[in-house]
Amino acid sequence: MNDLIREMFFPAFDNPILGQGLDAASLHVPPGRLAFTTDSYVVKPLFFPGGDIGSMAVYGTVNDLAMVGARPLFLSSGFILEEGLPMETLWTVVQSMRLAAEKAGVTIVTGDTKVVDHGKGDGIFINTAGIGVLEHSLEIGPSQVRKGDKILVNGDIARHGVAVLSVREGLEFETHIDSDSAPLADLVATLIRAGIEVHCLRDLTRGGLASALVEIAEQAGLSIGIQEKLLPCRADVKAICELLGFDPLHVANEGRLVVFVPAYQAERALELMKAHEQAQGAALIGEVTAADCRGQVIMRSLIGGNRIVDMLSGEQLPRIC
Amino acid sequence: MKFVDEYRDPALAEQFAQAIRQLVTRGWTIMEVCGGQTHSIMKYGIDQLLPSQVVLLHGPGCPVCVTPVEVLDKALEIASRPEVIFCSFGDMLRVPGSSGDLLSAKAAGADVRIVYSPLDAVKLAKSHPDKQVVFLAVGFETTAPANALAVEQASRMGLDNFTVLVSHVLVPPAIEAILQAPENQVNGFLAAGHVCAVMGCEEYEPIAAQYRVPIVVTGFEPLDILQGIYMCVKQLEEGRAEVENQYARSVRPTGNQPARELIRRVFRVIPRKWRGIGEIPASGLGLAEPYAKYDAEQRFGVAATSVPESSECISGLILQGRKKPPECPAFGKRCTPEQPLGATMVSTEGACAAYYRYARGR
């Protein structure tokens, strides 16, 4: 185990804090409120087009910090490894975490590794916790959402879920679909720096766009209206969802977020997003329609009817016919 | 998306809706037979575009909904055997039997796998000769050909570790059962396009003639359904009762001959119990004699049991179009997709689930 730590983790995540090899990392943090979060990552398969469990474990936690407007600083990384896991697999995952941390501008400063018996794990489980700092005075969250706020999304939806599905289920699609997995903190910082009064942010993960919007509507006690014709979704992704009976609104994303901004700043926010690497396909998809406490999300369909958008319950299962 | 977007065009949808409004002079009740159509209607809000005189009732064409509890119990019993790999279409996994569902069996250690085609289950049987691979063959005439093909293929490959647990149902007997009910309110039907793509339209002719009811074979996209409704209302207003084909881009009058032939070879028509409705004579398919050894019920000797359904649940009335989901006192309260009381709430295509998902509180 010590060999593993010395030969694999130290060199990969190389930094002076980790290098001290102490029981806990002691950190200098810049002034401002701190943000602190944790998440565990289990994904099957470990590698999928456009990402792997390692990059997900870094971006996922970084993105959670970003959703309160924090600049991510430090991550911890806990590994639960199943006995018999090939070292090359772990090495590839660790290298991917290193690259992802670099890209997201965070340092992995502490960690832990445990090994469980063969059959008691799924190759690798990773837990990461993250600390970030808030360098602005905005309160970002559902309580700040107001009637009339515009809702923006930073790109095409449902790609991660379909990318994972394509390898997990052994489905052979005649098209290549990469996960949208990406760090979002810099995008959020760009908006805040430009003076956009961001009211609420939420990254779209499991449960997709629908679950994120329903959660916000319920927490804020407001109703949200979106329009199907405004939703960005790649044609091949849409076609695969159609074929399997999935609703793209419910399919997982790993590098997408919704941004609630005051109406008067919506256009400017959209411009800023489109100019950012992580939001070139950004779109305005709807608005907060009423402060009626019903907490519903209503979507205007392509043909002009209205329907409720619901949270995903359980897992989406492919249909019979 | 090509061949899909064209059928979701808002301007054309409005044109059809307008044509229906101009045509209608009195109240008509139309039943869409298939759960896929119900799903589309609620998802796109098609009913909101219709004049108030046209009422849509939702029919029994949801294979997941109508699969009886007894079959699910047999599935659970077979799936929990250590030597079995149990394969199913995805949406059967969450349907509750009398003690849990296949997902919970999987969580408890059963080898339950989602397949996208029954032929994948045959492949599994070939690659796992030490295991018994069982496929849950449910559905209407739509899934019957592929399931028949799987059995025939297993037979040709000489696989003796592949069986199917069959619970196939047929549409025309269900339509007749609805029309024969004394409380029937249905004036016209939208028949299920995919079923007719296999079976053709001819078997509906005697029903239209005998019961004086228009039957329009209809697709699943918003424009298909609006056009189907238009054609049905037109027949009703003109006093006609014919079988018409809205879904001509997929449905030939005689259907898909090789697929029908395959069904005839592998299956035979038998009486079937429908969840929520009860037994309907000659309304299902079972394995034909030459293929009897591929019957999982026989292979595993699972006994026929009878399980009472929730007395509170009115899914039988809903599947026959006699009640709408919001008329049920339990709807959305004691009965939700997470805690379904019965058939029509369990599948996403069930009428109750579609209402709950897209239109509760409307």
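As the structure is a computational prediction, the values presented were derived from the model and not from experiment. Throughout, a chain's letter reflects where its sequence line sits, starting with A, and its residues are numbered from 1.
For the pair A/I308/B/M42, no side-chain contact is recorded, criterion being any heavy-atom separation below 4.5 Å from C-beta on. Using a 4.5 Å cut-off on side-chain heavy atoms (C-beta onward), B/Y116 and A/L244 make contact. The shortest distance between side-chain heavy atoms of B/E14 and A/I303 does not fall below 4.5 Å.
With a 6.0 Å radius and a threshold of 12 heavy atoms from other residues, nucleotides or ligands, B/E6 has its CD atom above the threshold. Summarising the local packing, NZ of B/K126 is surrounded by 12 or fewer heavy atoms from other residues, nucleotides or ligands at distances under 6.0 Å.
Contact tally against chain B (heavy-atom pairs below 4.5 Å) for A/K229, A/K238, A/R300: the top residue is A/K238. When A/G304, A/S301, A/A235 are compared by the number of non-hydrogen pairs under 4.5 Å with chain B, A/S301 comes out ahead.
Atom CD in A/E228 sits 6.5 Å away from atom NZ in B/K43 (nearest 0.5 Å). From B/Y358, atom OH reaches atom CE of A/M299 across 8.0 Å, with rounding to the nearest 0.5 Å. How far CD of A/E242 is from CD of B/E221: 6.0 Å, rounded to the nearest 0.5 Å. Distance check: B/D47 CG to A/R307 CZ gives 13.0 Å after rounding to the nearest 0.5 Å.
Contact record, B/Q48 with A/N306: NE2-O, 2.7 Å, taken as the closest heavy-atom pair.
Within the 4.5 angstrom heavy-atom criterion, atoms from both the backbone and the side chain of B/Y356 approach chain A.
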